[in-house]
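Before any comments, here is the structure.
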There are 4 protein chains.
Amino acid sequence: MTGSIIAEDYGRLIVQGADRPGIVSRVSTVLAHHGANVVALDQSTSDPSGGRFFQRTVFHLPGLGAKLAELDQALEDELSGELGLTFRLVEARRRKRVAILVSRADHCLLDLLWRRRRDELHLTVPMVISNHPDLGDDVRGFGIPFFHVPVEKNDKAAAEKEHLNLLKGNVDLVVLARYMQIVSGDFLAEVGVPVINIHHSFLPAFVGAGPYQRAKDRGVKLVGATAHYVTEDLDEGPIIEQDVIRVSHHESAQDLQRKGADVERLVLSRAVAWHCDDRVIRDGNSTIVF
Amino acid sequence: MTGSIIAEDYGRLIVQGADRPGIVSRVSTVLAHHGANVVALDQSTSDPSGGRFFQRTVFHLPGLGAKLAELDQALEDELSGELGLTFRLVEARRRKRVAILVSRADHCLLDLLWRRRRDELHLTVPMVISNHPDLGDDVRGFGIPFFHVPVEKNDKAAAEKEHLNLLKGNVDLVVLARYMQIVSGDFLAEVGVPVINIHHSFLPAFVGAGPYQRAKDRGVKLVGATAHYVTEDLDEGPIIEQDVIRVSHHESAQDLQRKGADVERLVLSRAVAWHCDDRVIRDGNSTIVF
Amino acid sequence: MTGSIIAEDYGRLIVQGADRPGIVSRVSTVLAHHGANVVALDQSTSDPSGGRFFQRTVFHLPGLGAKLAELDQALEDELSGELGLTFRLVEARRRKRVAILVSRADHCLLDLLWRRRRDELHLTVPMVISNHPDLGDDVRGFGIPFFHVPVEKNDKAAAEKEHLNLLKGNVDLVVLARYMQIVSGDFLAEVGVPVINIHHSFLPAFVGAGPYQRAKDRGVKLVGATAHYVTEDLDEGPIIEQDVIRVSHHESAQDLQRKGADVERLVLSRAVAWHCDDRVIRDGNSTIVF
Amino acid sequence: MTGSIIAEDYGRLIVQGADRPGIVSRVSTVLAHHGANVVALDQSTSDPSGGRFFQRTVFHLPGLGAKLAELDQALEDELSGELGLTFRLVEARRRKRVAILVSRADHCLLDLLWRRRRDELHLTVPMVISNHPDLGDDVRGFGIPFFHVPVEKNDKAAAEKEHLNLLKGNVDLVVLARYMQIVSGDFLAEVGVPVINIHHSFLPAFVGAGPYQRAKDRGVKLVGATAHYVTEDLDEGPIIEQDVIRVSHHESAQDLQRKGADVERLVLSRAVAWHCDDRVIRDGNSTIVF
């Protein structure tokens with residue numbers, strides 16, 4: 001994995017599709033013909049014979065902004081037709097717009113906002129939405145708009161409609177930073193951008209609610225957290241990142257929860273950073289993380 | 001956790017039962033009256049009010065061997081009556097006798113035998129039993145008897161009977177070091193000593209067979225292993241130790257299996273070492289590991 | 001290690017000194033005679049024969065506040081005379097007063113203040129002192145006084161005098177949370193409370209300034225952080241806690257610094273939490289961490 | 001990092017040199033023209049402007065064995081002239097020949113031999129050389145020649161001469177698996193293949209002898225190990241891999257040594273595996289590990 005490059009005139013190209021000989025050569029030749037210098041390239045195949053092809057390339061091209069459309073067209077011509085590949089071309093300097101949804105727990109939210117402020121995360125946060133008012137002051141203290149959208153038990157659809165009004169067209173990513181509401185398949189289809197969630201266990205262990213108490217009851221020696229893309233199947237979406245921390249029999253379920261919170265915020269921050277750096281490629285229900 | 005003390009004249013005392021004020025004082029007073037010097041003591045309570053009490057004490061008592069029976073009786077008098085506590089008093093220098101059951105995979109077996117040879121594990125291995133002949137030469141190369149007991153699909157009871165003939169009275173612990181057969185509740189009841197198993201996943205994730213392929217399919221970022229006491233409920237016994245290792249999308253299920261094998265042997269070795277050092281106390285379906 | 005117990009009527013007793021038989025018994029007997037129930041006890045000896053003795057005991061005693069002086073006297077009578085032990089008796093509910101010194105980097109400071117706010121750290125922060133004004137708004141946003149004390153290169157003594165005026169009698173611990181000034185031996189002697197520092201490397205590797213660039217130049221595969229008590233010998237004081245994180249050749253010195261910052265704040269938070277829970281006992285230039 | 005591919009008809013190409021635009025394109029075009037399909041590619045630059053270029057490519061080419069010389073020539077023509085790059089082309093199925101030098105400690109040696117036997121390490125071990133006779137039986141039990149070459153204090157050159165007689169032309173790599181003798185610059189120059197050493201500390205901490213006792217004295221909370229290429233500057237060669245394990249104040253220097261041994265063998269095994277998979281590229285006194 002390469003350190004993130006976000007300077008002017010750097011671009012990222014993500015290519016995926018059915019593998020066949022010569023793709024790397026054709027991609028890099030298009031880039032070279034446009035004067036781009038590849039500075040980092042990761043390529044992988046799910047299976048050497050008949051597998052799926054994945055490639056992430058970071059390149060330097062003086063005057064990239066003005067040449068982006070032309071390069072995009074050249075790649076389209078080379079990759080989309082006969083080869084049937086899909087690709088994504090982005091300017092590295094462009095920050096992704098990330099909305100954060102949160103309930104009452106502040107640890108994941110604050111960690112993201114601090115890292116943003118410290119410029120560790122190359123993104124903007126145009127809004128934070130919560131079903132509770134509690135974290136409004138904290139969020140606004142960072143100069144970020146905070147919207148309180150209560151969720152009524154028997155009318156969740158109303159809240160989701162309000163969410164969509166706020167989000168659509170305004171964001172490139174939605175992050176559920178300990179947002180304790182299930183989002184519907186309709187919402188996912190409508191919002192039109194990826195949604196990342198942090199789950200407070202090492203999935204697939206302790207799927208669902210109350211994982212720390214269940215971990216305590218089961219006597220496990222490590223607790224963990226999982227960041228994943230949200231799909232209609234709760235807690236089943238493609239995993240982006242996971243980590244764990246050691247716990248002991250001395251510790252209560254509440255102690256586990258506190259330790260777990262440290263893992264949650266680290267895992268979510270990494271997942272968001274990698275997504276915003278275009279390192280994560282979905283491959284069915286799994287992910288490639290370059 | 002204290003480093004293991006296995007010298008002459010050192011003893012270990014494990015006490016457990018319903019908590020009430022004054023237990024530590026009464027235990028340490030009995031020890032002091034017999035001239036024992038406490039060199040390490042760990043004590044813990046599941047709940048300060050009305051919880052379960054656990055204590056492990058390592059002490060030095062010159063001439064311990066000759067005084068053991070008397071000390072045992074004094075502890076019985078002080079702890080078993082009104083207080084209703086159970087306790088276990090052992091000489092630290094006494095090695096536990098450990099039988100290893102294994103199938104074809106050699107990594108856990110070899111790690112245990114090699115650690116035994118370099119005296120990292122304070123135990124003896126009176127026998128290794130396998131349902132396959134493959135590892136006989138390796139085992140006998142360590143000077144340890146190897147018994148090949150084939151398991152017929154429709155007569156597992158016959159094999160277990162032979163196991164019991166070999167084991168009963170001869171061992172203090174049975175270790176399933178990647179033994180790919182289910183042991184019956186009857187066997188567990190008959191054998192009369194604890195049985196430790198190594199499971200090739202981070203339980204409760206990927207309970208059962210084929211965990212590495214399933215981990216690969218699920219796209220998890222860490223694979224693990226779990227050492228636990230065997231109970232009638234498969235993969236559900238009290239967990240002694242767990243650990244994990246990071247994996248990436250590049251790696252095949254076979255790669256995961258190889259990495260997992262490193263975790264398996266470390267986790268099993270630790271669990272066996274701690275058990276033999278009387279550090280592990282069962283508490284319902286969980287464990288205290290001092 | 002036990003989870004922290006901070007409720008009413010719980011006390012902690014730390015005992016240390018030359019080891020000899022019977023100390024545990026005498027300590028626990030004094031506690032039992034006063035009606036205290038031991039809920040957690042860790043004891044350790046540097047050497048079974050002629051070593052140094054260390055014990056941390058957590059106990060429950062209804063009405064502890066009113067009985068503290070009497071219990072203290074009883075312990076004094078039992079432990080200080082013939083046995084020559086030193087001890088420390090504290091009420092668990094009493095929060096230690098912790099001053100934080102900081103320069104410009106905010107990650108360690110914010111982590112401590114935020115953990116304090118969510119009551120993960122059982123302490124109060126009566127003041128933050130900085131040689132730069134930058135973090136004043138953040139600190140005051142937590143409702144904590146912020147004092148800007150510039151440090152002139154050729155008159156550091158003046159700044160230290162001002163520090164002492166602010167600190168003396170008002171705090172139980174000073175934390176250097178990335179405070180980029182050397183504190184003098186005179187200051188340490190005068191301030192009269194322990195001082196904890198976070199060093200941005202895995203000591204003793206990369207002692208001194210610029211550790212991340214030097215780690216990069218040396219091609220190390222892990223970067224770390226170390227929390228230690230401050231002594232006159234720079235970077236040489238007793239280590240409380242250390243941890244590391246994996247880095248790769250792809251990452252720049254700045255990337256290492258960012259990853260290292262995550263380790264720094266975790267390591268410092270743990271060290272401060274353990275100190276405030278009376279888990280850390282200095283033993284020469286090392287520490288016992290129960 | 002990709003899982004190792006060692007099948008027939010797979011090749012690896014390592015390219016390094018001064019960076020300039022178009023290298024990736026030219027390399028992949030040569031491969032494509034010869035009918036090779038790239039299955040994994042890692043590329044990195046030390047600095048986007050004027051840095052050093054590193055690339056590792058795994059490709060599939062039916063009939064590779066017969067086409068190797070021709071492909072090598074084509075790469076030579078394309079890369080060595082104007083571009084001034086160096087490259088290495090190897091068949092993945094070809095096992096590197098690895099000699100192991102060892103003294104008395106067996107843990108690193110046995111771990112390598114077991115992994116070799118289990119086919120986890122894709123290499124052959126044509127010989128083991130030791131300055132002590134102790135491990136002869138173990139080595140020969142694996143069917144591997146063992147040579148006992150005593151080292152006289154005042155005539156080390158004689159031993160090194162004997163080593164060279166045994167090694168020259170017969171091996172592709174020499175591994176010092178806890179070989180407790182310093183090898184001379186003359187030996188390194190003469191032997192003509194890389195030499196990997198395992199150092200029993202987290203370098204640059206505790207350079208030199210007795211690291212575990214020094215770690216204990218310093219009160220560190222983690223002990224580690226470092227695998228590095230051997231250069232004339234003792235303990236200063238390019239680091240390939242490092243790892244650490246947590247230790248506590250309870251543990252003696254001997255306990256640290258035992259825990260450290262587990263880290264040593266894992267770290268050395270990884271370093272050898274990566275070297276044999278052509279993943280490690282030396283870059284001055286550092287390494288790129290793809």
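These numbers come from the heavy atoms of this one structure, side chains and all, not from hydrogens, waters or symmetry mates. Residue numbers begin at 1 in each chain, while the letters A, B, ... track the order of the sequences.
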Sort R214(C) into side chain, backbone, both or neither according to what part of it lies under 4.5 angstrom from a heavy atom of chain D. neither
Counting only non-hydrogen atoms closer than 4.5 Å, does D243(C) touch chain D with its backbone (N, CA, C, O), its side chain (CB onward), both, or neither? both
Which residue out of V244(D), T287(D), N285(D) racks up the most heavy-atom pairs below 4.5 Å with chain C? T287(D)
Pick from P204(D), S201(D), S286(D) with the largest number of heavy-atom pairs that fall under 4.5 Å of chain C: P204(D)
Taking the six-membered ring of Y229(C) as reference, does the NZ or CZ atom of R282(C) fall below 6.0 Å from its centre and within a 45° cone about the axis? yes
How far apart are the closest heavy atoms of I281(C) and Q16(C), and which atoms are they? CG2-OE1, 3.1 Å
Do S269(D) and R115(D) have side-chain N/O donor and acceptor atoms under 3.5 Å apart? yes
Looking at K96(C), H122(C), R12(C), which one forms a side chain to side chain donor-acceptor pair (under 3.5 Å) with D277(C)? R12(C)
